Protein chains: 2
Amino acid sequence: MVKEKQVRSTAAKQHIREILSKSETAMSQPEILEHSEGICDRVTIYRVLDRLLHEGEIHRAVGMDGITRYASCRQCDHDHGHQHDHLHFSCEVCGEVTCLEKVVPVLKLPRGYQAREASYMISGICPDCG
Amino acid sequence: MVKEKQVRSTAAKQHIREILSKSETAMSQPEILEHSEGICDRVTIYRVLDRLLHEGEIHRAVGMDGITRYASCRQCDHDHGHQHDHLHFSCEVCGEVTCLEKVVPVLKLPRGYQAREASYMISGICPDCG
DNA sequence: TATTTCATGCAACTCTGTTGCATTAATTAC
DNA sequence: GTAATTAATGCAACAGAGTTGCATGAAATA
Ligand SMILES: [Mn+2]
Ligand SMILES: [Mn+2]
Ligand SMILES: [Zn+2]
Ligand SMILES: [Zn+2]
């Protein structure tokens with residue numbers, strides 16, 4: 001039998017979860033750090049984010065800039081299982097990365113390729129900045 | 001009048017261009033460095049890559065791992081202008097990132113969003129590793 | 001409350017990428 | 001070919017994101 005690691009609720013975790021669920025956009029670790037009011041060390045932020053990822057509460061989006069951002073899971077297609085294959089939009093003016101949960105790109109993989117995870121990012125100008 | 005910067009052909013540039021055009025897959029800077037046989041400094045590689053990017057000879061793909069990889073432009077839809085909106089596939093076993101130039105995802109951006117650049121990445125298992 | 005197990009802080013480290021500046025090399029004009 | 005011009009390079013130093021080891025602190029549970 002495999003003993004599962006217990007899921008523990010800590011101050012840092014609750015705080016970070018709240019920061020992300022209140023945010024309209026996906027946030028990078030430094031951004032989260034800024035909003036964390038020194039509740040914990042930056043290393044702890046990374047570790048909490050990892051846990052939230054594995055527990056399926058949040059998902060991540062790597063931008064064209066190579067920066068990883070995190071967002072809480074809202075309408076992540078919970079109908080057909082929990083998927084994170086929606087589009088992310090990165091504004092070149094304000095720098096914000098937005099989950100477009102309703103936009104799921106359509107494509108056909110060539111024979112032999114097995115998909116496990118998807119990451120779709122479009123950069124440009126967002127409605128606020130356009 | 002705006003004086004354009006002249007395009008100069010140097011040993012490092014030719015070498016790096018060749019490395020990329022001979023590669024079947026997209027390469028990261030460290031990978032390029034490995035294959036460069038000490039022809040130049042690593043900083044020069046970054047600078048050459050920037051130039052090749054701006055000159056439209058290569059394009060880049062940021063993986064889910066946040067690592068930037070470069071690939072020379074081959075069938076990048078030169079019919080309808082030079083686009084780089086094809087899919088990239090990242091194998092979780094061998095780690096290689098492949099340009100799938102023929103696969104262009106279809107989607108519809110919500111009103112107000114203006115697209116300028118796209119990055120589509122799918123990770124999973126490639127034909128060789130499957 | 002005692003025990004167990006996980007989470008945290010801190011320091012040190014790795015990796016990717018960038019910048020300043022003096023030197024070198026490719027173009028171009030002569 | 002030679003000189004003048006301007007871009008490319010090397011090197012060192014730096015910046016930022018993310019990771020790791022280890023001692024300490026805090027949840028969960030019994
Ligand atoms: Mn989700
Ligand atoms: Mn191209
Ligand atoms: Zn914007
Ligand atoms: Zn593979």
Side-chain angles (χ1 to χ4, degrees), chain A residues 1-20 26-55 57-71 90 95 97 119 121, chain B residues 1-20 26-55 57-71 90 95 97 119 121:
Chain A
M1 64 174 275
V2 183
K3 51 183 165 190
E4 327 232 333
K5 215 171 171 181
Q6 62 172 294
V7 172
R8 203 171 277 193
S9 179
T10 66
K13 189 175 177 182
Q14 286 171 270
H15 199 127
I16 291 170
R17 187 193 347 245
E18 196 158 342
I19 289 174
L20 287 181
M27 296 174 80
S28 63
Q29 181 273 345
E31 285 169 343
I32 295 170
L33 182 60
E34 265 182 42
H35 286 72
S36 68
E37 298 162 2
I39 189 89
C40 68
D41 190 78
R42 66 188 198 87
V43 178
T44 299
I45 294 182
Y46 280 113
R47 296 200 262 227
V48 167
L49 288 172
D50 274 349
R51 266 177 278 149
L52 290 175
L53 271 180
H54 286 124
E55 291 161 15
E57 288 196 43
I58 65 177
H59 59 279
R60 65 151 107 202
V62 178
M64 318 255 226
D65 49 11
I67 293 177
T68 301
R69 272 166 258 249
Y70 303 83
S90 171
V97 172
S119 164
M121 179 80 62
Chain B
M1 58 174 277
V2 183
K3 51 183 164 188
E4 327 231 335
K5 215 172 173 181
Q6 63 174 292
V7 172
R8 205 170 277 195
S9 179
T10 67
K13 189 175 176 182
Q14 287 170 268
H15 199 125
I16 292 170
R17 185 190 352 237
E18 195 157 344
I19 289 173
L20 288 181
M27 296 174 80
S28 64
Q29 181 273 343
E31 285 170 344
I32 295 171
L33 183 59
E34 265 182 42
H35 286 72
S36 67
E37 297 162 1
I39 189 89
C40 67
D41 191 79
R42 70 188 195 90
V43 178
T44 299
I45 294 181
Y46 280 112
R47 297 200 261 227
V48 168
L49 288 172
D50 275 349
R51 267 178 276 148
L52 290 175
L53 272 179
H54 286 124
E55 291 160 16
E57 287 195 43
I58 64 177
H59 60 280
R60 65 151 108 200
V62 178
M64 318 253 225
D65 49 12
I67 293 179
T68 301
R69 273 168 257 250
Y70 304 84
S90 171
V97 172
S119 164
M121 181 79 61

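The sequence lines fix the lettering, A, B, ..., with proteins before strands; numbering per chain opens at 1. Quick caveat, the model's predicted, so the values are computed rather than measured.
- Residues from residues 39-50 of chain A that place a heavy atom under 4.0 Å from any atom of DNA chain D, listed by number: Arg42(A), Val43(A), Tyr46(A), Arg47(A).
- Among all heavy-atom pairs drawn from Val62(A) and Met64(B), the shortest one is CG2-O, 3.2 Å.
- The heavy-atom pair separating Ser28(A) from Ile67(A) by the smallest distance is CB-CG2, 3.8 Å.
- Within 4.0 Å (heavy atoms only), Thr68(B) reaches sugar-phosphate atoms of the nucleic acid but no base atom.
- If you measure from atom CG of Leu33(B) to atom P of dG17(C), you get 12 Å, rounded to the nearest angstrom.
- Leu20(A) and Leu49(A) get closest at one heavy-atom pair: CD1-CD2, 4.0 Å.
- Between the NE2 atom of His15(A) and the P atom of dT8(C) there is a distance of 13 Å, given to the nearest Å.
- Glu34(A) places its CD atom 10 Å from the P atom of dA17(D), with the value rounded to the nearest Å.
- Taking atom CZ of residue Arg51(A) and atom C1' of nucleotide dT5(C), one finds them 13 Å apart after rounding to whole Å.
- In this structure, Arg60(A) does not reach the dG18(D) phosphate: none of its side-chain N or O atoms is under 4.0 Å from OP1 or OP2.
- His15(A) has its side chain within reach of Glu37(A): a pair of non-hydrogen atoms, C-beta onward, lies under 4.5 Å apart.
- Remark: P of dG16(D) and CG of Asp65(A) are 14 Å apart, rounded to the nearest angstrom.
- The existence of a salt bridge linking Glu55(A) and Arg17(A) is excluded, since no basic side-chain nitrogen approaches an acidic carboxylate oxygen closer than 4.0 Å.
- The separation between Lys13(B) atom NZ and dT24(C) atom P is 23 Å, rounded to whole Å.
- Looking at heavy atoms from C-beta onward, Val7(A) lies in side-chain contact with Lys13(A) at the 4.5 angstrom threshold.
- The side-chain heavy atoms of Cys40(B) and Ile45(B), taken from C-beta on, include a pair separated by under 4.5 Å.
- Sorted by first and then second residue, the salt bridge (charged side-chain N to carboxylate O under 4.0 Å, His left out) pairs with a member in residues 59-68 of chain A read Asp65(A)-Arg69(A); sequence neighbours excluded.
- Spacing between atom CD of Gln29(A) and atom C1' of dG16(D) amounts to 10 Å, rounded to whole angstrom units.
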Between the protein and nucleotides 25-29 of chain C, list the N/O to N/O atom pairs that are separated by less than 3.5 angstrom.
residue, atom, partner, partner atom, Å
dA26(C), N3, Arg8(B), NH1, 3.4
dT27(C), OP1, Ser9(B), N, 3.1
dT27(C), O3', Gln6(B), OE1, 3.4

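- Annotation for Met121(A) and Ala61(A): closest pair CE-CB, 4.1 Å, computed over non-hydrogen atoms.
- To the nearest angstrom, C1' of dG16(D) lies 14 Å from CZ of Arg69(A).
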